Amino acid sequence: MKTRFLFPHKWRIAGLLLLLLAALIIADSCFTKGYFDPSTDPGEMFFGMRLSGNMAIAVNDTEYLSVIIGLLLVGFSKEKIEDEQIAQLRLDSLQWSVYFNYSLLIICIILINGIGFLQVMVYNIMSQLLFFIIRFRWKLYQLNKLAKKEETQAVSPI
């Protein structure tokens with residue numbers, strides 16, 4: 001993956017702030033507009049939307065855009081040290097997220113019909129970015145953990 005297509009490292013913080021702001025707005029919308037009723041059976045709720053009866057739209061376009069742009073900034077900002085190994089991890093994570101997301105979508109196409117499928121498609125827009133970020137961050141964590149372990153073994157006398 002060419003690093004010239006990545007955002008600067010500082011933009012990841014802006015993406016995290018945008019995600020936090022969007023999450024707060026969505027949570028506020030769910031509680032104040034009555035999309036989340038604590039007395040409602042949790043089985044009837046799906047991320048602030050009722051699966052039974054009429055579909056209640058819990059978030060508006062601005063909130064969706066904030067989440068998507070925030071995820072893009074977090075997922076595709078350069079690391080402090082962007083080398084070939086990080087680029088390979090990023091590419092592998094992106095490929096893994098595409099496979100996982102479309103496998104999940106195929107299962108949902110088979111199992112879910114009607115208005116419930118429309119709700120699945122709304123969340124499918126953001127899920128691939130989310131899967132990518134989770135996988136990429138997990139692999140970076142494992143890489144850093146392994147590097148620290150090797151560093152302590154190399155320094156310690158035998």
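What you see is a predicted model; the values in this text were computed from it and never measured.
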Handout entry: Exercise: identify the closest heavy-atom pair between Gly15 and Val74
Key = C-CG2, 3.7 Å
Exercise for the section: Take Phe131 and Phe100 through the test ring pair (Phe, Tyr, Trp, His ring centres under 6.0 Å) and record every step on the way to the result. Expected result: CA-CA 8 Å; Phe131 295 147; Phe100 184 78; 4.5 Å; yes
Handout entry: Rounded distance (nearest 0.5 Å) linking atom SG of Cys108 with atom CG of Asn124
Key = 8.0 Å
Fill in the blank from the handout: When rounded to the nearest 0.5 Å, the distance separating CD of Glu63 from CG of Leu24 is 11.0 Å
Exercise for the section: Look only at the side chain of Arg135 and the backbone of Arg90, and say whether a donor-acceptor pair between them is shorter than 3.5 Å. Expected result: no
Problem - Euclidean distance, Leu143 CG relative to Lys145 NZ, rounded to 0.5 Å - result: 12.5 Å
Handout entry: Leu105 side chain reached by Tyr102 side chain, heavy atoms, under 4.5 Å
Key = yes
Practice task
May I ask you to decide if Ala147's main-chain N or O and Glu150's side chain share a donor-acceptor pair within less than 3.5 Å?
Solution key: no
Completion exercise
Nearest heavy-atom contact between Ile68 and Leu129 is O-CD1, 4.1 Å
Problem - CG on Leu89 to CD on Gln142, rounded to 0.5 Å - result: 9.5 Å
Exercise for the section: Taking all non-hydrogen atoms of both residues into account, name the closest pair between Asn101 and Ser127 and its distance. Expected result: OD1-OG, 2.6 Å
Exercise for the section: State yes or no: do Ile13 and Ile69 share one hydrophobic cluster built from I, L, V, M, F, W and Y residues joined by side-chain heavy-atom distances below 4.5 Å, directly or via other members? Expected result: no
Practice task
Indicate if Leu18 and Ile134 have the same hydrophobic cluster label, given that clusters are the connected sets of ILVMFWY residues with side-chain heavy-atom separations under 4.5 angstrom.
Solution key: yes
Exercise for the section: Before giving the answer on side chain to side chain contact (heavy atoms under 4.5 Å, CB included), spell out for Arg12 and Leu73 the whole-Å C-alpha distance, their side-chain angles and the decisive distance to 0.1 Å. Expected result: CA-CA 5 Å; Arg12 185 167 49 153; Leu73 291 174; over 6 Å; no
Practice task
Test side chain to side chain contact (heavy atoms under 4.5 Å, CB included) on His9 and Ser77 and set out the steps.
Solution key: CA-CA 5 Å; His9 177 70; Ser77 293; 5.6 Å; no
Practice task
Compute the centroid of each ring, for Phe132 and then for Phe76, and state whether the two points are separated by less than 6.0 Å.
Solution key: yes
Handout entry: Trace of the side chain to side chain contact (heavy atoms under 4.5 Å, CB included) decision for Lys78 with Trp11
Key = CA-CA 9 Å; Lys78 289 181 183 179; Trp11 287 25; over 6 Å; no
Exercise for the section: Take Ile86 and Phe136 through the test side chain to side chain contact (heavy atoms under 4.5 Å, CB included) and record every step on the way to the result. Expected result: CA-CA 9 Å; Ile86 300 290; Phe136 179 59; 4.0 Å; yes
Problem - Nearest heavy-atom neighbours spanning Val67 and Ala22 - result: CG2-CB, 3.6 Å
Practice task
Before accepting this row, confirm whether a basic side-chain N of the pair Lys139/Glu79 lies closer than 4.0 Å to the acidic partner's carboxylate O.
Solution key: no
Exercise for the section: Indicate if Ile125 and Ile133 have the same hydrophobic cluster label, given that clusters are the connected sets of ILVMFWY residues with side-chain heavy-atom separations under 4.5 angstrom. Expected result: yes
Exercise for the section: Rounded to the nearest 0.5 Å, what's the gap from CG on Leu21 to CD1 on Ile25? Could you check? Expected result: 4.0 Å
Handout entry: Check: Trp96 ring centre within less than 6.0 Å of Tyr99 ring centre
Key = no
Practice task
Mind checking the CG-CG spacing from Leu65 to Leu72? Nearest 0.5 Å is all I need.
Solution key: 10.5 Å
Exercise for the section: Say whether Ile106 and Val120 are linked into one hydrophobic cluster, either directly or through other cluster members, by side-chain heavy-atom distances under 4.5 angstrom. Expected result: yes
Practice task
Determine, using the 4.5 Å side-chain heavy-atom cutoff (strictly less than), whether Leu16 and Phe7 are members of one ILVMFWY cluster.
Solution key: yes
